[in-house]
2 protein chains.
Amino acid sequence: MKNSNFDYMNCSLAQTLSVIGEHWSLLIIRDVFMGLRRFSEFQKDLGIAKNILSERLKRLVAEGILEKTKGEAGFSEYRLTEKGLALQPVLLSMTHWGDQYKPAKKGKRLVFVDRASGKPIQRMAVRSHDGRKLHAKEVKAKRGSGYASERLDVPLAE
Amino acid sequence: MKNSNFDYMNCSLAQTLSVIGEHWSLLIIRDVFMGLRRFSEFQKDLGIAKNILSERLKRLVAEGILEKTKGEAGFSEYRLTEKGLALQPVLLSMTHWGDQYKPAKKGKRLVFVDRASGKPIQRMAVRSHDGRKLHAKEVKAKRGSGYASERLDVPLAE
DNA sequence: AACGATGGTTGCATAATAAAACCTTGTAGT
DNA sequence: ACTACAAGGTTTTATTATGCAACCATCGTT
């Protein structure tokens, strides 16, 4: 593929995909969320080629999603920045969708809980300003002030 | 790449990525959310190669995310199924992240509103069982009944 | 100083994507 | 009925990304 970057598109979704849309990026980020920290751990868990893993980690560090530090043992460690932690809704939305439409045979693979209470979190949902859950068709897109002229020909929702 | 499918991973996120993780899939789905329906509209809007667009549409139909119908004018149309509409939290989570960390110069590109009231929806957020917004570090993963033994060696959260 | 483990990099083979030409069907006009 | 044109693809060939295996540098230990 010529470019896996959608910067030109003036769309926040495309912008996000430019950063985390590559094949392995989200799985690496998931691994970091799950407590993995080291190159060899990612490599073993994902079965990814080392050169690709190396490039992806560099990219994620350059994007400010991960930070690379020397761990106590002298080895490199990768951790999530706030920018990286802010991707949790993306990962959980995708995980919930997978739970629902591509389920494991015997039930959920993972359950996410509030660390304090131990109780499961709510499913990710779109909510109105006053907190009601909205169905997809109840949501409409409107132009914001940052909307680019190139895309003015796109009809907004149905 | 040898396979862009992560089925073997027994992870709902990986399952989801197997379906929508390819380069253009989410952008096509976004276009359908935005009201585009036809092959030529996607092709023009995305600038994607026609053979790739063709394959992606087939894949999305086969996965039950889109359905292909003959529109009134006799042309093919693609629309979201319920399974496809259920991806809205994923798209909005990514869009919100892009809004925050890859902003347009002059403000948000798009604003999503409740169709009924016209008021903007809430930002996608992780919520506890009783509705409080949770920070990423307040969330912990636990094994569910569908957790596969191959991955029992993965530490769950920090 | 020798050795193994970690954390990479390099070079080559292979698979996925892009670009452009071509094909098929349906519709419209005459 | 015949021509023309557009939609919606498919096919062929070129380019780019990924995978694989071998290699290298650094650090800590013996």
With a 4.0 Å limit, can you tell me whether [X] has a side-chain N or O closer than that to the phosphate oxygens OP1/OP2 of [N]?
X     : N      : result
A/K44 : C/dT6  : no
A/K70 : C/dG7  : no
A/K58 : C/dG7  : no
A/W24 : D/dT18 : no

Legend entry - Separation of atom CD in A/Q43 from atom P in D/dT18, rounded to whole Å: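 The answer, rounded to whole Å, is 16 Å.
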Inset, instruction - Round to a whole Å and report the spacing from CD of A/E55 to P of C/dT9. - result: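 The answer, rounded to whole Å, is 9 Å.
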Inset, instruction - Name the nucleic acid region contacted by A/Y78, choosing base, sugar-phosphate or nothing; use a 4.0 angstrom heavy-atom cut-off, strictly under. - result: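 Here A/Y78 touches the backbone only, sparing every base.
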Legend entry - Nearest-nucleotide 5' precedence on DNA chain D, B/S40 against A/I52: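 So the residue in question is B/S40.
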Legend entry - Closest-nucleotide ordering on DNA chain D, the 5'-leading residue of A/N51 and B/E77: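 Here B/E77 is the residue nearer the 5' end.
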Inset, instruction - Could you tell me whether B/E63 and B/R59 make a salt bridge, using a distance below 4.0 angstrom between a side-chain N and a carboxylate O? - result: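 The answer is yes: the pair qualifies as a salt bridge.
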Proximity to the side chain of [X] - top-ranked nucleotide from [options]:
X     : options               : result
A/F75 : C/dT6, D/dT18, D/dG9  : C/dT6
B/R56 : C/dT17, C/dG8, D/dG19 : C/dT17
A/R38 : D/dG9, C/dG8, C/dT6   : C/dT6
A/S54 : C/dG8, C/dA18, D/dC20 : C/dG8

Inset, instruction - Report whether A/F33 and A/V113 are members of the same hydrophobic cluster (ILVMFWY, side-chain heavy atoms less than 4.5 Å apart, transitive linking). - result: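 Per the 4.5 Å side-chain linkage, A/F33 and A/V113 are not co-clustered.
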Inset, instruction - Using distance alone, with no hydrogens and no angle criterion, decide if A/H96 and A/Q122 have a side-chain donor and acceptor under 3.5 Å apart. - result: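 On atom types as modelled, these side chains do not qualify, holding no pair under 3.5 Å.
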Legend entry - A/Q100-A/R123 side chain donor-acceptor pair, cut-off 3.5 Å: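 Yes, A/R123 and A/Q100 have a side-chain donor paired with an acceptor closer than 3.5 Å.
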